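Shown next, in structure tokens, is the structure this report addresses.
FYI, the numbering just counts along the sequence from 1. Just so it is clear, the model here is predicted, and its values are computed rather than measured. Values below: every heavy atom of this structure, side chains too, minus hydrogens, waters and symmetry copies. Just so you know, ligand 1 is whichever comes first in the structure, and atom 1 is the first atom listed for that ligand.
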Amino acid sequence: MGLTIAEKIIKNHLVTGEMVKGTDIGIRIDQTLTQDATGTMAYLEFETMGIDRVRTERSVAYIDHNTLQTGFENADDHRFIQTVCKKHGIYFSRPGNGICHQVHLERFGIPGKTLIGSDSHTPTGGGIGMLAIGAGGLDVAVAMGGGEYYITMPKIVKVELTGELQENVTAKDIILEVLRRMSVKGGVGKIIEYAGEGIKTLSVPQRATITNMGAELGATTSIFPSDENTLEFLKAQGREQDYTELKADADAEYDEHIVINLSELEPLAACPHSPDAVKPIAELEGMVINQVCIGSCTNSSYTDLMKVAHILKGKTVADGVSLAIAPGSKQVLNMLAENGALADIIGSGARILESACGPCIGMGQSPNSKGVSLRTFNRNFLGRSGTKDADIYLVSPEVAAVSALTGVITDPRKYADGYKVEMPKHFLINDNMIIEPASVEEMDKIEVLRGPNIKEFPKTTAMAENIEATCSLKVEDNITTDHIMPAGAKILPLRSNIPAISEYCFTVCDTEFPKRAKALGSSVIVGGSNYGQGSSREHAALAPLYLGVKAVLVKSFARIHRANLINAGILPLEFENENDYDNIDLGDHLAIENVRGQIAAGDTIVIKNKSKNTTINAKCSLTERQKAIILAGGLLNYTISK
Ligand code: MIC
Ligand code: SF4
């Protein structure tokens, strides 16, 4: 039987297990990336492991999230990461150099290699044919130390693209269509592989838009073949030597098959508050908007912004609209500056932001009360923009730019004029914002600088014999990590301070939660399906850990968050019978007797609801390794003990 692209890469990197779907495998990791909001913790964890120098082919740390410096915290964290990198063999991308995924694609991504990153949009690398997976910081720390990365061997979905996009219908509309069809949980346990004649019409940046937002499907990752377009991109980045061809075998077998005819696609938008609430722009046309934001790791490439500049040239942003634009990288911004496109953007009245995540993670540009904001980003979860009652629509740069001019949601096909952005033959290459690590001889001389905001990784203890706990929170389906551990300009600076950041845990849903959980001392969170979707932030597990949460009992989990709970030593439980969700209420007293024995014995954990005098069975399908991690009180304890 032939292999798919993902299977070929996995086969080449397989260390533990066999490529049998649904079973656990350990793969060798060639490259890692971190960003600053998850990186501080990841490097603290790396330091705790006591390894001198990273054992990957390439590890890069980016500063792109926490760039709004309203106090000493973020600058201190940047300095900490910079010095850790210098000492331990990690490349450091300075603030201003751009968003991790965009820069990694431009300067480091290599087809056929494995990459894990402490950011859920790491699958952006799939656009260049990498097996690129988002993970918790601790998993990335372990991979930097040369450890394998464990995943459940995913099913493979073939998304076959036929036809060709009409003018002003874009790669963003392709991924929105996939989201419309598959939903935010449709990708769990799956890799999405793109194939078909239509992919030949898509450049690497367009493919990266698609694989980037594949994170919103809950998928393990998404991947495109590496072909002539990949070669063209790598050549233009001066990295022709990194090219290898990658394609699926003709007789490769897939678990699902979806066909999308690009010629029939129309401009789409994801409506509030979920990336899969997709509607045609035609249905939303005429809606008055207050803000437009263009940028993020989904849509901030050179080609995206050249198109935006073309649309804005000689025009003025509508009276009632604030247009903010954050180019994805210094390379993009520099090229726009050199060729004059930046002048066209500025001339229209757009507000130019630095090359960073910015408004995508609520770092500035929160919309007005009840504001309508069109964003080229990938997530529109409630409150993420910083304004809880704002409505965020996720759209393509084309929809965003034309709507910024008209002041209402507008179908960009009306603005079609035949203009096509040419892929540059040579991108502007200047890696002066990437600092190389110290040599092996010099590394001992480097002092790691820590600011007062940096607190230690919370210490965990081995799992107790019994759990006695109270239900401290009951939440619905599709809870995101933005609910569990909100981000934004006020909270993000506390990412390296678990005691302080824990005060905000779940406050989007229930402002009393942190106080209540702490007072209870030992508690359980109950939730619905797809619990923990969204980001890779391990803080969504570390803050509950700090607040005394011992287990999370839900209908189903999102992949990265479940892994983060296990890494933190919190027991991830799923109702065997989903109706039991109704049999637990806030404040119920729960008991799991002989929990260590139950975990070791098998898949079912019996929970006694002492308040209702009932018994609930929960699934706890852990691999032997995961059992050992949970029993040890988390991955860090487990790794150190090994
Ligand atoms: C996000 O887009 O939600 C983030 C912010 O990039 C997160 C990482 C984080 O919370 O630091 C992610 O996607 O993993
Ligand atoms: Fe940054 Fe937004 Fe991309 Fe997350 S999704 S990495 S916050 S740009």
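- A donor atom on one side chain and an acceptor atom on the other are found under 3.5 Å apart for Q291 and R375.
- On a distance-only criterion, R384 and ligand 1 share at least one N/O pair closer than 3.5 Å.
- Heavy-atom separations between Q35 and ligand 1 include at least one value shorter than 4.0 Å.
- On a distance-only criterion, R379 and ligand 1 share at least one N/O pair closer than 3.5 Å.
- Exactly one of M41, H65, E538, R537 qualifies for a side chain to side chain contact (heavy atoms under 4.5 Å, CB included) with R495. That residue is R537.
- N453 places a side-chain N or O within donor-acceptor distance of the main-chain N or O of P493, the cut-off being under 3.5 Å.
- Backbone or side-chain N, O or S atoms of C297 reach atom 3 (Fe) of ligand 2 at under 2.8 Å.
- Considering only non-hydrogen protein atoms, atom 2 (Fe) of ligand 2 sits nearest to C360 SG, 2.3 Å.
- Below 4.0 Å from some heavy atom of H101 lie the following atoms of ligand 2, by number and element: 6 (S).
- Neither the backbone nor the side chain of H539 comes within 4.0 Å of ligand 1, counting heavy atoms alone.
- Proximity of the aromatic rings of H561 and Y531 is defined here by a centroid distance below 6.0 angstrom, and this criterion is met.
- Considering backbone and side-chain N/O atoms, N378 never comes within less than 3.5 Å of an N/O atom of ligand 1.
- A donor-acceptor contact shorter than 3.5 Å is absent between the side chain of S329 and the backbone of N97.
- Note: an N/O pair closer than 3.5 Å links S120 and ligand 1 by distance alone.
- When non-hydrogen atoms are compared, ligand 1 lies under 4.0 Å from the backbone of D119 as well as from its side chain.
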